[in-house]
2 protein chains.
Amino acid sequence: MANIKEIARIAGVSVTTVSRVLNNHPYVSKDKRAAVLDTIEQLNYTRNMNAVHLITGRTGAVAVILPYINAFYFSIIMNGLAHEALLAQYRLILCQSNYLAEEEIKVLEMLRNKEIDGVVIVSTALKPEVIEEYTAYGPVVTCQDSGQRRYSSVYIEHYAAFRQGLQYLTGKGYRSIGYCEGRQNGSSASIRQTAFREFIAEHKLDFQEEWMIYDCTTEEDGAAVARSLLEMPERPEAMIITGDHVAAGLIIEARKAGLSIPGDLAVMGFDNQPIGRLLEITTIDNHLYEMGASAFRIIHEQISSDNPDPVYRKLDYRIIERSTV
Amino acid sequence: MANIKEIARIAGVSVTTVSRVLNNHPYVSKDKRAAVLDTIEQLNYTRNMNAVHLITGRTGAVAVILPYINAFYFSIIMNGLAHEALLAQYRLILCQSNYLAEEEIKVLEMLRNKEIDGVVIVSTALKPEVIEEYTAYGPVVTCQDSGQRRYSSVYIEHYAAFRQGLQYLTGKGYRSIGYCEGRQNGSSASIRQTAFREFIAEHKLDFQEEWMIYDCTTEEDGAAVARSLLEMPERPEAMIITGDHVAAGLIIEARKAGLSIPGDLAVMGFDNQPIGRLLEITTIDNHLYEMGASAFRIIHEQISSDNPDPVYRKLDYRIIERSTV
DNA sequence: TTGTATGCGTTATCAT
DNA sequence: ATGATAACGCATACAA
């Protein structure tokens with residue numbers, strides 16, 4: 001395959017001139033430019049970008065770490081990231097880590113390796129201290145609130161959002177509330193758990209341990225929760241559920257069993273998913289698309305400006321009132 | 001940042017020896033290896049992979065072209081791809097093209113540029129002839145059946161699968177069938193459309209043009225279809241719908257209006273999505289995860305073996321009998 | 001088992 | 001406006 005040297009030879013110019021044409025630099029005469037362009041066309045030449053990456057120290061690529069791509073939550077964030085990356089002419093390297101720390105480290109090593117210009121961590125199995133070590137090699141943005149770290153973050157105020165959801169429920173008069181969480185571990189889960197327990201205590205709400213249910217990630221899990229609620233000697237008047245698809249599963253199964261929603265059981269979802277709209281689930285929209293878009297904009301800004309100062313961007317959330325509460 | 005030369009100097013060996021250690025080559029004495037490893041540790045050295053890519057001509061990356069990541073269909077395929085890529089220690093570059101030919105071409109140009117070792121095209125706005133032009137620069141695998149092309153493909157027999165779905169419906173005694181399609185354009189859509197029309201004609205089934213509905217991609221679209229069915233002077237006894245989530249929207253809305261499923265209206269879905277299991281939707285599983293996994297295995301094989309001979313892999317499909325037909 | 005020298009293909013520097 | 005040459009950091013053929 002032809003290289004810049006050959007183009008130069010055939011076009012009768014220096015490699016520098018060819019490079020200038022390639023990069024749209026000024027100070028190239030019209031005819032020389034034409035000659036170069038001609039030769040490029042003739043030889044079907046194209047740059048070897050690896051050489052460009054080597055000498056410029058930039059690759060135009062950003063890696064994204066997330067546990068699973070086929071989950072609404074992550075795919076919407078990814079959508080936001082991808083959209084902005086397209087606009088910025090950047091490439092996205094997807095690392096589906098399955099929460100394996102080992103794999104996530106490999107991605108951060110790519111930053112050290114100069115294979116990528118930055119890393120967006122949507123969810124991580126890694127400790128903040130570990131991530132911080134890598135900020136020396138390039139910008140890192142997380143989509144979780146890890147405090148004022150040496151890397152940027154764009155995050156949802158899970159505590160406040162969850163509390164507001166509970167407030168909404170008590171405002172509607174519910175005095176006993178159950179809680180359905182996704183993965184038990186995970187930083188946002190524990191924050192919400194704290195918010196839940198504190199709120200229950202503050203407002204002296206009725207409560208039973210079995211009303212806190214973990215590891216509900218699928219529609220089927222939601223349905224299973226419905227069945228177990230039906231078998232409880234005493235069940236809560238309302239459920240707050242992280243993920244509208246899980247809420248949907250619960251609602252469909254509960255209705256199948258003859259329960260009226262919200263009459264017999266109120267349900268509040270999370271994430272404002274399409275299925276939630278269909279079932280008219282009252283939910284909290286936490287602007288996931290914007291989260292991804294924002295994360296990319298931040299990392300792109302940091303790469304372009306060579307400014308490593310971290311930024312911390314707090315996102316809005318909003319209760320969408322529908323008819324399951 | 002330190003480079004191989006500096007490591008060599010400090011460790012008191014040649015750069016070749018350092019390179020050998022780095023690449024786990026044999027013929028390095030124990031103490032020299034230890035010295036090199038020590039120095040690497042001390043200087044916190046890591047390879048500049050761009051230099052490696054330049055000289056080896058390989059990058060260990062494969063690009064994936066798909067229109068939208070936040071759709072069940074694509075995200076499952078992506079999951080399969082990502083899983084296999086992880087096993088093979090390969091990186092995946094995600095290009096969310098929004099069906100923009102221009103963006104898809106850019107990805108194929110990356111193959112020419114040597115930025116990637118291969119391309120997986122899950123869905124494309126590109127003509128087969130255009131794709132074929134790029135096979136000169138590296139292996140390409142598509143997830144669509146485009147016949148015996150100069151690139152590989154792993155595909156679902158949309159015609160046969162759809163026909164089997166219709167067969168299943170007529171087998172259950174339905175004599176008037178409606179059809180709900182995703183994007184009107186798109187190769188699989190037109191194949192199914194042909195299958196549908198031919199089947200209707202062959203079996204002399206009742207048919208009305210308004211029973212063919214296009215551009216149904218969301219739950220809401222499915223619900224809208226339910227509403228429009230209710231307003232038809234004459235409606236089909238059964239609907240076959242590409243995508244369980246669309247079918248779910250239709251079913252939920254239809255039941256809301258008092259229709260019994262399958263009593264008043266039978267519904268057959270596609271893709272075996274989680275929501276379909278919850279609503280007990282009879283569906284056709286076309287093994288999307290396996291599609292992604294298989295696509296990656298093929299391209300990985302072709303990259304590793306330098307064998308450009310295309311392979312054509314036909315996937316299985318399977319009707320899952322539940323209770324909406 | 002080890003080292004020297006060369007090449008990968010480009011951009012950056014500096015001189016003219 | 002143009003060109004000669006260095007530099008990027010590594011792998012590898014070849015010699016020893």
Side-chain angles (χ1 to χ4, degrees), chain A residues 1-37 39-40 43-61 109-117 137-138 306, chain B residues 1-40 43-61 109-117 137-138:
Chain A
M1 179 74 85
N3 58 23
I4 207 177
K5 214 164 156 184
E6 193 174 350
I7 301 294
R9 185 176 56 76
I10 297 179
V13 299
S14 72
V15 292
T16 309
T17 300
V18 177
S19 179
R20 287 204 179 98
V21 172
L22 250 22
N23 294 286
N24 286 316
H25 280 279
Y27 304 133
V28 180
S29 69
K30 228 174 172 169
D31 42 339
K32 296 227 176 200
R33 162 164 283 129
V36 169
L37 255 22
T39 318
I40 286 176
L43 300 199
N44 188 26
Y45 164 82
T46 187
R47 272 189 293 194
N48 182 323
M49 290 308 287
N50 293 318
V52 177
H53 297 163
L54 173 58
I55 195 139
T56 61
R58 287 270 173 84
T59 62
E109 283 293 329
M110 287 173 66
L111 196 58
R112 247 182 109 206
N113 286 340
K114 310 269 186 197
E115 281 188 275
I116 51 178
D117 297 343
Y137 310 113
D306 261 322
Chain B
M1 180 73 85
N3 58 23
I4 206 178
K5 214 164 155 185
E6 193 175 349
I7 301 294
R9 186 177 53 78
I10 297 180
V13 299
S14 72
V15 292
T16 309
T17 301
V18 177
S19 179
R20 287 203 179 100
V21 172
L22 250 21
N23 295 287
N24 285 316
H25 281 269
Y27 302 132
V28 180
S29 69
K30 229 176 172 167
D31 42 341
K32 297 228 175 200
R33 162 164 282 129
V36 169
L37 256 20
D38 250 34
T39 317
I40 286 176
L43 300 199
N44 188 26
Y45 165 82
T46 185
R47 273 189 292 194
N48 182 323
M49 291 308 287
N50 294 316
V52 176
H53 296 162
L54 173 59
I55 198 151
T56 61
R58 287 270 173 84
T59 63
E109 282 294 329
M110 287 173 66
L111 195 57
R112 243 182 113 206
N113 287 339
K114 310 272 187 193
E115 281 189 275
I116 51 178
D117 297 343
Y137 309 113

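We use all heavy atoms of the structure for the numbers below, so side chains are in, but hydrogens, waters and symmetry mates are not. So that the names make sense, note that chain A is the first sequence line, chain B the second, and so on, each numbered from 1. Everything numeric here is computed off the predicted structure, so don't read it as measured data.
Here C:dC8 presents its C1' atom at 16 Å from CZ of B:Arg47, a figure rounded to the nearest Å. Between the C1' atom of C:dT10 and the NZ atom of B:Lys114 lies a distance of 15 Å, rounded to the nearest Å. As a whole-Å value, the separation of B:Arg58 CZ from D:dA11 P is 15 Å. Rounded to a whole Å, the CG atom of A:Asn3 is 11 Å from the C1' atom of C:dG7. Counting to the nearest Å, the P atom of D:dC10 and the CG atom of A:Leu54 are 9 Å from each other. Counting to the nearest Å, the P atom of C:dT6 and the NZ atom of B:Lys5 are 13 Å from each other. Nucleotide D:dA11 holds its C1' atom 8 Å from the CD1 atom of B:Ile4, rounded to whole Å. In this structure, B:Met49 atom CE and D:dC8 atom C1' are separated by 15 Å, rounded to whole Å.
The OH atom of B:Tyr45 lies 6.5 Å from the CD1 atom of B:Ile7; values are rounded to the nearest 0.5 Å. Between the CD1 atom in A:Ile55 and the CG atom in A:Asn50 there is a gap of 13.5 Å [rounded to 0.5 Å]. The NZ atom of B:Lys114 lies 13.5 Å from the NE2 atom of B:His53; values are rounded to the nearest 0.5 Å. Atom OG1 of B:Thr59 and atom CG of B:Leu54 lie 12.0 Å apart (nearest 0.5 Å). Interatomic distance, OG1 of B:Thr46 versus CE of A:Met110, reported as 11.5 Å (0.5 Å rounding).
Checking D:dG9, C:dG3, D:dA11 against the side-chain heavy atoms of B:Val52 singles out D:dA11 as nearest. The listed nucleotides are C:dG3, D:dA11, C:dG9; the one nearest the side chain of B:Ile55 is D:dA11. In the set C:dT11, D:dG9, D:dA11, the nucleotide with an atom closest to the side chain of B:Thr56 is D:dA11.
Taking five base pairs at each end of the helix from C:dT1-D:dA16 to C:dT16-D:dA1 and finding the rotation axis that steps the C1' atoms of four pairs onto the next four gives two axes whose angle is 30°, to the nearest 10°.
Checked against side chain to side chain contact (heavy atoms under 4.5 Å, CB included), B:Asn24 has no partners two or more places apart in sequence or in another chain. Under the rule for a salt bridge (charged side-chain N to carboxylate O under 4.0 Å, His left out), the partners of A:Arg112 that lie at least two apart in sequence or sit in another chain are A:Glu109. Every residue meeting the side chain to side chain contact (heavy atoms under 4.5 Å, CB included) condition with A:Ile10, not counting sequence neighbours, appears here in chain and number order: A:Glu6, A:Thr39, A:Leu43. The side chain to side chain contact (heavy atoms under 4.5 Å, CB included) test applied to A:Val28 returns A:Thr17, A:Arg20, A:Val21, A:Lys32, A:Arg33, not counting sequence neighbours.
Residue A:Asn48 has no polar side-chain atom (N or O) positioned under 4.0 Å from OP1 or OP2 of C:dG9. The side chain of B:Tyr27 places no N or O atom within less than 4.0 Å of a non-bridging phosphate oxygen (OP1 or OP2) of D:dT12. One finds no side-chain N or O of B:Lys30 lying less than 4.0 angstrom from the OP1 or OP2 phosphate oxygen of C:dT1.
If B:Ala51 and B:Asp31 are placed on DNA chain C by their nearest nucleotide, the residue sitting closer to the 5' end is B:Asp31.
The stretch residues 12-25 of chain B comes close to DNA chain C through B:Val13, B:Ser14, B:Val15, B:Thr16, B:Thr17, B:Arg20, each having a heavy atom under 4.0 Å from the strand.
When only modelled atom types and interatomic distance are considered, A:Arg47 and A:Asn3 share no side-chain donor-acceptor pair under 3.5 Å.
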